[in-house]
Amino acid sequence: MASIPFYGWEAFYDEDRHLQADQAPKSGSLYTMYHGTTVQKARLIITTGFRQSADGMLGPGVYVSRDQKKAERYPLKSLPTDRIVLKLSVDCGKVKRIDKDNHPLQKTWHSQGYDTAWVPPNCGMKSVPSGLEEDCVYDPQRIEVTDIALAPNTTILNELKQLIAQNKKGPSNSNTSGTCTVCKFKLGPAHSVQSCWGCGETICALLTKHVCS
């Protein structure tokens with residue numbers, strides 16, 4: 001009997017990970033979001049993680065957006081040659097909608113049990129003149145850098161991608177947020193982390209795509 005070579009797979013799940021800007025996030029879900037920063041700070045974030053800001057429009061936390069165009073504007077005073085947009089996987093936890101100026105929970109939402117504050121697009125808040133969607137995640141541990149969405153040149157792009165690869169979590173399939181560190185979905189009985197029988201790479205049975213290297 002002839003052997004059949006194994007090359008990988010690709011699957012599609014309806015996980016609502018890529019929300020439109022005006023879609024309300026579901027509490028307890030993982031979403032793709034973006035963060036704009038400088039080249040040097042991108043290196044630091046990738047190697048040591050995000051740090052909570054002392055304050056801001058929504059109080060302390062890490063400011064991100066599911067709208068890449070919004071992230072591309074930041075840092076506001078930086079030159080385009082020094083701007084990086086990090087692609088993130090964000091565990092939103094419990095979400096509070098903040099959609100008007102002087103909202104009673106604008107800066108105190110976390111003390112009321114919420115993990116993320118969400119400002120929907122075009123909600124009329126004067127503190128968001130661009131009208132673009134914005135989120136504030138209180139706990140930096142809920143955010144993982146997964147890729148580089150924008151870099152000023154290929155040299156920096158490749159450098160940062162390599163840093164991300166070097167700082168990937170090990171083969172353990174769980175973390176403090178209760179998500180699989182390999183496939184990024186919520187943990188459940190179907191998760192099985194093991195070495196691929198084709199290439200030896202660490203895989204999860206629920207990965208949306210795997211191609212043997």
Side-chain angles (χ1 to χ4, degrees), residues 13 15-53 56-76 78 82-96 110 114-121 130 132-152 156-169 174-187 204 207-209:
Y13 298 110
E15 287 286 313
D16 292 331
R17 239 192 258 192
H18 294 272
L19 288 172
Q20 296 297 317
D22 57 351
Q23 282 184 275
K26 297 177 182 177
S27 292
S29 297
L30 283 171
Y31 294 111
T32 297
M33 297 191 188
Y34 304 90
H35 178 82
T37 188
T38 63
V39 174
Q40 185 55 39
K41 287 183 178 178
R43 295 186 182 108
L44 189 63
I45 290 169
I46 292 169
T47 54
T48 64
F50 278 97
R51 294 185 179 181
Q52 188 187 72
S53 65
M57 177 187 71
L58 298 168
V62 179
Y63 285 77
V64 297
S65 178
R66 68 186 71 154
D67 190 335
Q68 183 177 332
K69 294 298 182 184
K70 168 116 183 186
E72 290 176 5
R73 294 166 165 248
Y74 290 86
L76 293 174
S78 293
D82 192 34
R83 286 180 181 170
I84 295 291
V85 176
L86 302 173
K87 186 177 181 181
L88 316 169
S89 176
V90 181
D91 180 358
C92 291
K94 189 177 180 182
V95 181
K96 178 62 182 177
H110 182 258
Y114 295 96
D115 302 298
T116 299
W118 171 53
V119 177
S130 68
L132 297 175
E133 187 268 351
E134 189 166 343
D135 305 81
C136 181
V137 182
Y138 189 82
D139 183 0
Q141 295 297 315
R142 289 182 171 274
I143 307 171
E144 181 183 356
V145 179
T146 60
D147 203 355
I148 305 300
L150 181 71
I156 293 174
L157 175 66
N158 292 333
E159 175 206 341
L160 295 179
K161 280 179 173 285
Q162 187 174 5
L163 272 180
I164 292 172
Q166 292 171 352
N167 284 273
K168 283 286 186 184
K169 296 180 176 70
S174 64
N175 57 28
T176 56
S177 65
T179 58
C180 177
T181 59
V182 180
C183 73
K184 310 305 178 189
F185 291 128
K186 291 287 185 182
L187 287 174
C204 174
L207 274 171
T208 55
K209 184 176 182 179

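Just so you know, these numbers come straight off a predicted model, no measurement behind them.
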Is the side chain of R83 donor-acceptor paired with the backbone N or O of G36 at a distance under 3.5 Å, no angle test? no
K161: which residues meet the side chain to side chain donor-acceptor pair (under 3.5 Å) condition with it, sequence neighbours left out? D147
Please report the shortest heavy-atom distance between Q52 and G61, naming the atom on each side. CG-N, 3.2 Å
Please enumerate all residues that pass side chain to side chain contact (heavy atoms under 4.5 Å, CB included) together with T116, with sequence neighbours excluded. C92, V95, D135, V137
N/O donor-acceptor pair under 3.5 Å between E133 side chain and R66 backbone: yes
Tell me, do V64 and Y31 make a side-chain contact under 4.5 Å, heavy atoms counted? no
Any donor-acceptor N/O pair, T48 side chain to I45 backbone, under 3.5 Å: no
Output for pair (L88 CG, Y34 OH), nearest 0.5 Å, gives 9.0 Å
Report the distance from atom CG of D91 to atom CG of D139, rounding to the nearest 0.5 Å. 9.5 Å
Quick check: does any side chain N or O of T146 sit under 3.5 Å from a backbone N or O of K87, one acting as donor and the other as acceptor? yes
Please enumerate all residues that pass side chain to side chain contact (heavy atoms under 4.5 Å, CB included) together with K41, with sequence neighbours excluded. T37, T38
Show your working on side-chain contact (heavy atoms from CB on, under 4.5 Å) between V90 and L30 and close with a plain yes or no. CA-CA 5 Å; V90 181; L30 283 171; over 6 Å; no
Might you point out which heavy atoms bring S65 and D67 nearest each other, and give the distance in Å? OG-N, 3.0 Å
Which pair of non-hydrogen atoms, one from F50 and one from V145, has the smallest distance, and what is that distance? CE1-CG2, 4.0 Å
Residues in side chain to side chain contact (heavy atoms under 4.5 Å, CB included) with R43, at least two apart? V39, Q40, E159, L160, L163
Residue list, ring pair (Phe, Tyr, Trp, His ring centres under 6.0 Å) with Y138, at least two apart or on another chain: H110
Quick one: list whatever passes side chain to side chain donor-acceptor pair (under 3.5 Å) with N158, sequence neighbours left out. none
Counting N and O atoms only, with roles assigned by atom type, does the side chain of S53 sit under 3.5 Å from a partner on the main chain of V62, one being a donor and the other an acceptor? no
Is it the case that the side chain of H35 and the backbone of Y63 share a donor-acceptor pair, with hydrogens and angles ignored and the cut-off at 3.5 Å? yes
Rounded to the nearest 0.5 Å, what separates atom SG in C136 from atom NZ in K96? 15.0 Å
Between atom CD1 of I164 and atom CD1 of I46, what is the distance when rounded to the nearest 0.5 Å? 4.5 Å
